[in-house]
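Letters go in sequence order (proteins before strands), and every chain restarts at 1. None of the values given here were measured: they were computed from a predicted structure.
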Amino acid sequence: MPTRNQLLDAFREMGVLLELDGANTFKSGAYSKAVRILGDESIDIGEHVQKHSLTSINGIGKGIAEKIEEFWSKGSIGELEELRAKFPAGLVEMTAIPGFGAKKARAVFQELGVTNIEELQRAAEDGRLADLKGFGKKTAEKILDGIAQHRRHQGRHRIDTAWQAARPILEALRGHKAVQRAETAGSLRRWRESAKDIDFVCATENPKDVMEFFAALEGVEAVIGRGDTKASVRLANGINADLRCVAPAQFAYALAHFTGSKEHNVRLRQRAIERGLKLNEYGLFPEGKDVPLEAKDEAAIHDHLGLPFIAPELREDMGEIEAAADNALPNLIVREDIVGLMHMHTTYSDGQPAVEDYAAWAHRNGIAWMGIADHSQSAVYAGGLKPEAVRAQWREIDEVNKRWEKKGVRLLKGIESDILVDGSLDYDDELLGGFEFVVASVHSRFNLSEDEQTRRVIAAVEHPRTTILGHMTGRLILRRDGFALRQKDVIKACAAAGTVIEINANPHRLDLDWRLVHYAIDQGCLLSIGPDAHAIAGLDDVRYGLGAARKGWATKDDIVNCWSADKFIAYARDKKKR
DNA sequence: GCCGTTTTCGGCCCGACTGTTTTCAGTCG
């Protein structure tokens, strides 16, 4: 049985190959669109195939439905095979080079016989490329640069990497005297798990000065392009950053435009058209007029379109516009709703902080309770706790609590128990019963079959002592895919057992994926935002987990971090009795 | 390829920038 990801890969390739083939852009675009639609894990492709109901999905028509069914039954697509025969595989990869699209790939293939990135590099170096019609010396240089960058980073950056690069630049821009307002936009502002580049939007009457200032900032390695209102630079850490300057009156429009997503913007523009308006990054224009409607902020733009404010995290065209139109947007969780954190490691296993360090941090940051969760005994590589170490840590937590309870801070006795290969937990029930909560996580045997892994994880979440399922898939962003697992089955099992699902806030993980957060909530699951901290600095990762929760439409009612310690402990305790 | 209470054909969001041209194609977001 083919997997969703295999189908999406095939469709991605179809989209590029159709472009190479010179097909109607709307045809190739239809495949890219299908990739996005079918990436939604709440769509059960197998079931739709069985019921021949794929065309009931908006955006999937007869043609693509047939391709899906073909792929599902045969594991391949005839038209894809034909296209592959026409164009070497290396051409598809080439289109991932920045500034190098399908048209150029087709040209170098047909005119120079170039079939992969290595040959492209040689052609650019020895001058053949620059002699090609429509190409030139600068194009060749840009392509070489693009190839190097593609190799270095494969084009994407984790959100934390991007944020760390963005923050000082944003502060510098805000400090410039000609800048009235400055914000980050793009996938960073939408709190995606990774970003292709960093987008900034500035309100200024003097774009020229700001552009020059931006291009000369510390950390800028090269200026890729600079016009009157837009500049692109490459930062020293290999991330590209774009700055767009607009007049103050246009700022909200520009911010909304560059925040995206592209798909969300398309939908908003369509909505504008339906209302006799034209929407672009400069404004919302009544038909035939060139003076835009006034909008001091994004909420005003949405209001002009008959919608309540749609938070940036939601702007993925995943139902937010429909919900907004029905006045049914969720009241998203905010940082201030969070009163407790759980899943952090201490010196007892592989963490750097001492137990008490967490109490002190909580006090400084207005957090009422912190759930310690070190590794369990099977995690030998991480210094997992033997039963006697567990009891020693309990005694220490009791002592620390005596010192801090008057200051309104409480530490909870928890554990991150390995899920063993048969789905059991890592201590006997008696010891497990002494914890105030248990996070159960897979740390080994990633290569089980999907069936075995799913059975294993479901057995763990059904264990009466399991409070939280930790980092569900074991994925590492931009580095390692999650292990094979039927996540929706696991989510349903969690809902049935009352097991909380962690949104692991570590930016390397962000697991549960935000795309499934919404699904889990619909299934009736509770969620936790777990920093999985191994150092005090790791507690700041909560911001990324919060972003994922908000992207998944979570409210404070869905997230146990918003509960009091007593409520959380009672929930974990009562679950044991079920 | 998708879609449809004006439509089963003919649209499909819109603009900036670059490099190559000398009016535009390609790429990107």
Side-chain angles (χ1 to χ4, degrees), chain A residues 11 14-16 18-37 54-68 79 94-108 129-143 145-146 155 185-190 192 195-201 207 211 223-232 240-246 250 253-274 277-285 315 317:
Chain A
F11 275 10
M14 276 289 281
V16 176
L18 283 167
E19 258 189 281
L20 283 168
D21 204 29
N24 180 333
T25 55
F26 295 105
K27 181 172 173 177
S28 59
Y31 282 92
S32 310
K33 193 177 168 191
V35 167
R36 191 174 58 80
I37 293 166
L54 283 160
T55 52
S56 69
I57 303 167
N58 196 356
I60 306 294
K62 191 159 160 280
I64 286 184
E66 277 170 12
K67 300 287 194 302
I68 296 172
E79 194 183 341
M94 260 186 236
T95 61
I97 298 168
F100 196 83
K103 298 273 164 53
K104 285 202 172 95
R106 183 178 148 115
V108 298
L129 199 66
D131 291 339
L132 210 55
K133 187 167 179 282
F135 289 70
K137 212 174 154 197
K138 281 198 169 177
T139 309
E141 281 169 16
K142 279 202 151 185
I143 287 171
D145 203 42
S187 36
L188 202 53
R189 184 161 179 251
R190 301 202 314 279
R192 295 281 298 215
K196 194 156 177 279
D197 55 20
I198 304 168
D199 297 298
F200 298 98
V201 181
M211 292 296 205
V223 178
I224 300 164
R226 195 161 100 196
D228 289 343
T229 64
K230 186 181 162 186
S232 293
N240 287 354
D242 291 346
L243 170 66
R244 186 61 172 264
C245 287
V246 296
Q250 300 168 330
Y253 287 108
L255 181 61
H257 178 85
F258 290 105
T259 296
S261 67
K262 192 178 157 194
E263 293 79 9
H264 173 90
N265 286 351
V266 167
R267 293 291 309 279
L268 276 194
R269 288 194 198 112
Q270 285 168 345
R271 194 174 168 92
I273 290 168
E274 287 162 19
L277 300 162
K278 187 181 77 168
L279 177 65
N280 61 27
E281 64 256 57
Y282 301 114
L284 190 53
F285 300 86
R315 300 180 197 167
D317 188 21

OP1, OP2 of [N] versus side-chain N and O of [X]: anything below 4.0 Å?
X         : N       : value
Tyr282(A) : dC14(B) : no
Lys196(A) : dG29(B) : yes
Thr139(A) : dT20(B) : yes
Thr229(A) : dC17(B) : yes
Asn58(A)  : dC3(B)  : yes

### Task
For nucleotides dT5(B) and dG1(B), find the distance between their C1' atoms and express it as a whole number of Å.
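Those two atoms are separated by 24 Å.
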### Task
Write down the distance separating the C1' atoms in dA16(B) and dG11(B), rounded off to the nearest Å.
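25 Å, rounded to whole Å.
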What's the closest nucleotide to the [X] side chain, out of [options]?
X         : options                   : answer
Lys104(A) : dG1(B), dG26(B), dG15(B)  : dG26(B)
Glu281(A) : dG1(B), dG29(B), dG15(B)  : dG15(B)
Lys138(A) : dT20(B), dC14(B), dC2(B)  : dT20(B)
Arg244(A) : dG26(B), dA16(B), dC28(B) : dA16(B)
Lys67(A)  : dT18(B), dC14(B), dG1(B)  : dG1(B)

### Message
If I compare all heavy atoms of Met94(A) with all of Val108(A), which pair ends up nearest, and what's the gap?
### Response
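Heavy atoms only, the tightest pair is SD-CG2, 4.3 Å.
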### Task
Could you tell me whether Lys33(A) contacts a base, only the sugar-phosphate backbone, or nothing, with contacts defined as non-hydrogen atoms closer than 4.0 Å?
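Lys33(A): no heavy atom of the nucleic acid under 4.0 Å.
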#### Entry: Pair of N/O donor and acceptor under 3.5 Å linking dG29(B) base with Asp197(A) side chain
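No, no donor-acceptor pair under 3.5 Å.
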### Query
Closer to the 5' end of DNA chain B via nearest nucleotide, is it Lys137(A) or Ala30(A)?
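Whichever sits nearer the 5' end wins; that is Ala30(A).
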